[in-house]
Q: 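This is the structure, below, for whatever I ask next.
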Amino acid sequence: MQSLQTQTSIPVQLSSGDGTKSVKYYEKENFNVNYRMLFSKNEADELFHQLESNVDYYSGDLARIKMFGKWVNIPRQHVAYGSNGLHYKFSGNTIPAKPWSSVPCLQQIKDRVESVLGVTFNFLLINRYANGMQYMGEHRDDEKELESDAPIASVSFGQERDFTFRHKDCRGKQKKRSDVPKITHSLQHGSLLVMNAPTNKFWYHALPKRSHTKNPRINLTFRVMKE
DNA sequence: GAGCTCGCAGTGGG
DNA sequence: ACCCACTGCGAGCT
């Protein structure tokens, strides 16, 4: 495990280009995030293909959220998997988890993540961004049913996209502080990004629009839910 | 390379 | 966690 202490650079950069080593970002300001490649190019290509062929995303009511009193369609596709009757509550909606066995390659990916991290996950949210116009706005994963001490493991396939972090005190017109840098990092095909506690209490994250980007990205976030 | 313009990216507030 | 309005900026062009 290679680690990198970054004090000042904006955005934070990877220290190694070979793609096989883990990179740890600075732990100032309660930011504790690791990034590494998890699958070879060939493995990632194959898994991306299998996910594209076998994952059925939610539609209709399960693809909507309520925000500021208005129901809107999410600007991406999503679906959840997990053990026995778990579900995911956010923005006024409740997303049920399908069984792991509905898509054969999920267990393989889960096994790889768990063996690398030494953590057992019971829930998976898959988000698919068909192109650069699809995105996810800034938010924290603060659902009550998430085990808040457990890491969140985010595996990426397909189109490389930027991912951003912003400290909670550096938002809004009357922000409390402006001295904490915004962090931008690219998520590569076959990579693993791990958000460790307490990052999610202090930092918002987003997958911003990239209007020139044409190709789809699939993201799998493994979580630990209270059962 | 200065100036312009138009689209994109970022932000804030509902 | 979205949508919209607004702003600043920068790539591309002349």
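What you see is a predicted model; the values in this text were computed from it and never measured. Reminder, nothing fancy here: chain letters follow the sequence lines and each chain counts from 1.
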Q: Just jot down the ring pair (Phe, Tyr, Trp, His ring centres under 6.0 Å) partners of A:F163, sequence neighbours excluded, or say none.
A: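 A:F163: ring pair (Phe, Tyr, Trp, His ring centres under 6.0 Å) contacts with A:F165, A:H205.
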Q: Counting any heavy atom closer than 4.0 Å, what does A:D142 reach on the DNA or RNA strands: base, sugar-phosphate only, or nothing?
A: base
Q: Measure the distance from CZ on A:R64 to P on C:dC3 and round it to the nearest whole Å.
A: 12 Å
Q: Quick one: do A:Q159 and A:T213 satisfy side-chain hydrogen bond (donor to acceptor under 3.5 Å, both in side chains)? Show the steps, please.
A: CA-CA 8 Å; A:Q159 175 65 54; A:T213 296; 4.6 Å; no
Q: Do A:F222 and A:F123 have their ring centres less than 6.0 Å from each other?
A: no
Q: Taking the six-membered ring for Trp, is the centroid-to-centroid distance between A:Y35 and A:H185 below 6.0 Å?
A: yes
Q: For nucleotides 8-14 of chain B, just jot down a letter per nucleotide in 5' to 3' order: B, S or -, based on protein non-hydrogen atoms under 4.0 Å.
A: SSSSSSB
Q: Ignoring hydrogens and geometry, is there a side-chain-to-backbone donor-acceptor pair from A:R76 to A:Y135 under 3.5 Å?
A: yes
